[in-house]
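Working notes, beginning with the structure itself.
All values derive from a computational prediction rather than experimental measurement. Because only heavy atoms are used, hydrogens play no part in the values below, and waters and symmetry mates are left out as well, while side chains stay in. Naming convention: chains lettered A, B, ... in sequence-line order (proteins, then strands); numbering from 1 in each chain.
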Number of protein chains: 2
Amino acid sequence: MASIKDVAAEAGVSVATVSRALNGHPSVSPAARARVLAAVETLGYRPNAVARSLRTDQTRTLGLVISDVMNPYFTELARSVEEEARALGYSVIIGNADERPDLQDHHVTTLLDRRIDGLLVSPTDGGSPRMLDAARAGTPMVFVDRWIPGVDVPVVRSDGRNAVRDLVAHLHGLGHRRLAIIAGPAATTTGRERVDAFREALAAYGLPLPDACIGQGDFQAGSGRRVTEGFLDLPEPPEVVFAADNLMALGALDAVRARGLRVPEDIGLAAFDDIPWFVHTDPPVTAIAQPTRELGRAAVRALVERIAGRAGESVTLPARLVVRRSCGEPDGPAPHQSPSPVRRSTP
Amino acid sequence: MASIKDVAAEAGVSVATVSRALNGHPSVSPAARARVLAAVETLGYRPNAVARSLRTDQTRTLGLVISDVMNPYFTELARSVEEEARALGYSVIIGNADERPDLQDHHVTTLLDRRIDGLLVSPTDGGSPRMLDAARAGTPMVFVDRWIPGVDVPVVRSDGRNAVRDLVAHLHGLGHRRLAIIAGPAATTTGRERVDAFREALAAYGLPLPDACIGQGDFQAGSGRRVTEGFLDLPEPPEVVFAADNLMALGALDAVRARGLRVPEDIGLAAFDDIPWFVHTDPPVTAIAQPTRELGRAAVRALVERIAGRAGESVTLPARLVVRRSCGEPDGPAPHQSPSPVRRSTP
DNA sequence: CCTCCTCGTGGAATCGATTACACGGAGGAT
DNA sequence: ATCCTCCGTGTAATCGATTCCACGAGGAGG
């Protein structure tokens, strides 16, 4: 592969002039610039990004360590992150943690070894020493979706509190009283917050959330299935199950169907995270939609700010309820109107 | 960040000895090795992968340029590629082409600039000059899923011919005669092959495939919707629509539902690519499943062979039909038994 | 006791870029 | 005509690793 020396030789100038010509440095004569460009053309020269990075100490690369790529929510997040990064002149290297702290740590380590300019993380757990060290050492970093309390790093996430309140209002209006939740791992902020928000919203309606109605999941489909089976085995099963993410909702759907029961007639189902497929499931699933694209963009912008040495602000965007048919339909003439805007999705 | 010089100073040895100690070179005294390791520990030293790459001319990184990350099939492929690569000591940089040749080209270029050791591509089109140049220049490269004829690069893909034959047998057994297909872009091999296989299979049953029953799609949901609307507007709409990928099937489902029609009563639907969601759609979708995980693994292994300077063989794995309910159910007592093994998915 | 290996080690070149510094020549001001 | 500025250019240092080569010490063999 041709190097800058070859170009210099071909153009009859020094490597310094080649470098300057290629980087738009002002003091290069038009003649020299033309000769360099011609040489580049004939040799098919492309600058070696590795060498450039070593010298300039910047890779123009962002690292993204994501909890689980197979989760459509995170896939979309990754996509929007890459889009915004590309628009800003950065590449992104994605590491899939698969909800495993050890894998998360592996990816953080290799990304840091590669001297990425900044790191975007949706932490799977409380944070490995390596990650916390990096944050403390000043590696530009932003948390997205999930975060770790007590670490001085901007957080870009959505707030589902109002949407969960809307959901409970919707369920209450439908006459449901025994509500259960499939929670995410307590080690994650989203895992805890969604349970808290649910409990609070229930309390506002004077409804209890007994321990038997809190199932511990891990954001994967399998756990959704197991927890739902437990709910169905209860002497008095819940009327509606709220899954704290879309994969666990998928597992819940599996479990219900495996028993030969129907949604929503036998048991209702709602999910956190809206994904295209929820429109097409049987029945379409009522879900809480996050502004995923905007989250990805905001996270990249905050990170690039940090890289530039500026503050990089935390961003919280509201989620919203999307009502479909999986929790039952109002039999009264007018549907219950909740105080906050509740969008009814068109079929 | 601590460099090898700092470690050398701390340990009281030369940088050469540090490098040797860290890379398991045999001629380092136990004493020196211990001092180096201790120094590494106290300084929290991590080798700079950028510098190492520059010197050794290898990045231990693979590039993966994928047609569309939001397509669950490719997401799974990307995941299995990363898994196998990690097992072999490589990192993966994923570039999402979004079915756009210009984006594909952009990613190939930046990956090459970063001096990745090898490139995995599922080409969106006939191949940009840059990609063909790279292949000709000897960049280790493997095509996965799709390929470009006439380029000397191993291909790892699945063969859907038999599965498509099984599908047509299944449809014929159900009494369907007017069959239509939503094709992929003619610029892609999978786009062409699936139509060809479908046409051949139909011919074996003496069924025609008139032009009106071939809709041109682009592997995205929107095109599936448009093409299906066209089919429904036909004076004699087809009895079953076969979508050449899962996203176009999703679009087709949309279009059918928008008209207030039902699957499979009013029109049947089948898809190439099986994905977890097809079990949960209304109705569950009959699909052709590719051995996605194995494809990803085989592709990485072939690429690593190429990087090592060996041949790297092409691999073709069979796809198989998974029958669900979206094409109708046999009304006779015993379902039609096709000659090849047809798996009936468990609910 | 001398020679020859082997072993552990350090010095320095190298990878391919960027960039500080030096330098020669052209042109303007005096 | 002389001096001073720029302007364009080249030389060389530098980034952080790996690795070739040389060298000194110590042990084995003659």
Side-chain angles (χ1 to χ4, degrees), chain A residues 1-40 43-61 89 91 109-117 137, chain B residues 1-37 39-40 43-61 89 91 109-117:
Chain A
M1 200 143 219
S3 84
I4 196 171
K5 269 190 203 157
D6 304 315
V7 177
E10 173 80 18
V13 295
S14 72
V15 293
T17 300
V18 174
S19 177
R20 282 189 277 251
L22 260 24
N23 291 302
H25 193 283
S27 73
V28 176
S29 70
R33 188 182 307 274
R35 297 230 303 289
V36 167
L37 260 27
V40 164
L43 293 172
Y45 168 76
R46 294 250 78 210
N48 183 328
V50 174
R52 183 202 302 257
S53 292
L54 177 60
R55 182 58 230 250
T56 61
D57 199 33
Q58 55 166 337
T59 50
R60 295 212 67 88
T61 302
S91 295
T109 303
T110 63
L111 289 170
L112 255 22
D113 285 356
R114 279 155 194 283
R115 301 300 193 264
I116 44 138
D117 293 343
Chain B
M1 199 142 221
S3 84
I4 195 170
K5 268 190 205 159
D6 303 315
V7 176
E10 173 80 16
V13 295
S14 72
V15 294
T17 299
V18 175
S19 176
R20 281 189 278 252
L22 261 23
N23 290 303
H25 193 282
S27 73
V28 176
S29 68
R33 188 182 307 275
R35 297 230 304 290
V36 167
L37 260 27
V40 164
L43 293 172
Y45 168 76
R46 294 249 79 211
N48 183 328
V50 174
R52 184 202 302 258
S53 292
L54 176 60
R55 183 58 230 254
T56 62
D57 201 32
Q58 54 166 339
T59 50
R60 296 211 67 87
T61 302
S91 295
T109 304
T110 63
L111 288 170
L112 256 21
D113 285 355
R114 279 156 194 282
R115 301 301 193 262
I116 45 137
D117 292 343

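- Within 4.0 Å of B:Asn23, counting heavy atoms only, lie sugar-phosphate atoms of the nucleic acid but no base atom.
- Between B:Lys5 atom NZ and D:dT14 atom P the separation is 8 Å, expressed in whole Å.
- In this structure, the CG atom of A:Asp113 is 15 Å from the P atom of D:dG16, given to the nearest Å.
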For nucleotides 6-12 of chain D, 5' to 3', base contacts (B), sugar-phosphate-only contacts (S) and non-contacts (-) with protein non-hydrogen atoms under 4.0 Å give --SBBB-

For B:Gln58 and B:Thr56, run side-chain contact (heavy atoms from CB on, under 4.5 Å): C-alpha distance rounded to whole Å, both residues' side-chain angles, the deciding distance at 0.1 Å, then the answer. CA-CA 5 Å; B:Gln58 54 166 339; B:Thr56 62; 3.6 Å; yes

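- Between A:Arg33 and A:Pro26, the shortest heavy-atom contact is NH2-O, 4.1 Å.
- If you measure from atom CE of A:Met1 to atom P of C:dC15, you get 17 Å, rounded to the nearest angstrom.
- With a 4.5 Å cut-off on side-chain heavy atoms, B:Thr17 and B:Arg20 count as touching.
- Remark: the backbone N or O of B:Val15 is not paired with any side-chain donor or acceptor of B:Ser19 at under 3.5 angstrom.
- Within the 4.5 Å cutoff, no side-chain heavy atoms of A:Arg114 are placed close to those of A:Thr61.
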Working note: A:Leu37 + A:Leu22, criterion side-chain contact (heavy atoms from CB on, under 4.5 Å); need CA distance, chi angles, decisive distance, verdict. CA-CA 8 Å; A:Leu37 260 27; A:Leu22 260 24; 3.9 Å; yes

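- Counting any heavy atom pair closer than 4.0 Å across all strands shown, B:Thr56 reaches sugar-phosphate atoms only and no base atom.
- Contact check for B:Arg46 versus A:Thr109: side-chain heavy atoms found under the 4.5 Å cut-off.
- Under a 3.5 Å cut-off, the side chain of B:Arg60 and the backbone N or O of B:Gly89 do form a donor-acceptor pair.
- Atom CG of B:Asp57 and atom P of D:dT19 are 12 Å apart (whole Å).
- Counting non-hydrogen atoms of other residues, nucleotides and ligands closer than 6.0 Å to CG of A:Asp57 gives a total of 12 or fewer.
- Computed from coordinates, the A:Gln58 CD to D:dC15 P distance equals 16 Å when rounded to whole Å.
- Computed from coordinates, the A:Leu54 CG to C:dA17 P distance equals 12 Å when rounded to whole Å.
- In this structure, B:Leu112 places its CG atom 16 Å from P of C:dG16, rounding to the nearest Å.
- Atom pair B:Arg60:CZ and D:dA17:C1' shows a separation of 16 Å (rounding to whole Å applied).
- Residues from residues 45-52 of chain B lying near DNA chain C, meaning a heavy-atom separation below 4.0 Å, are absent.
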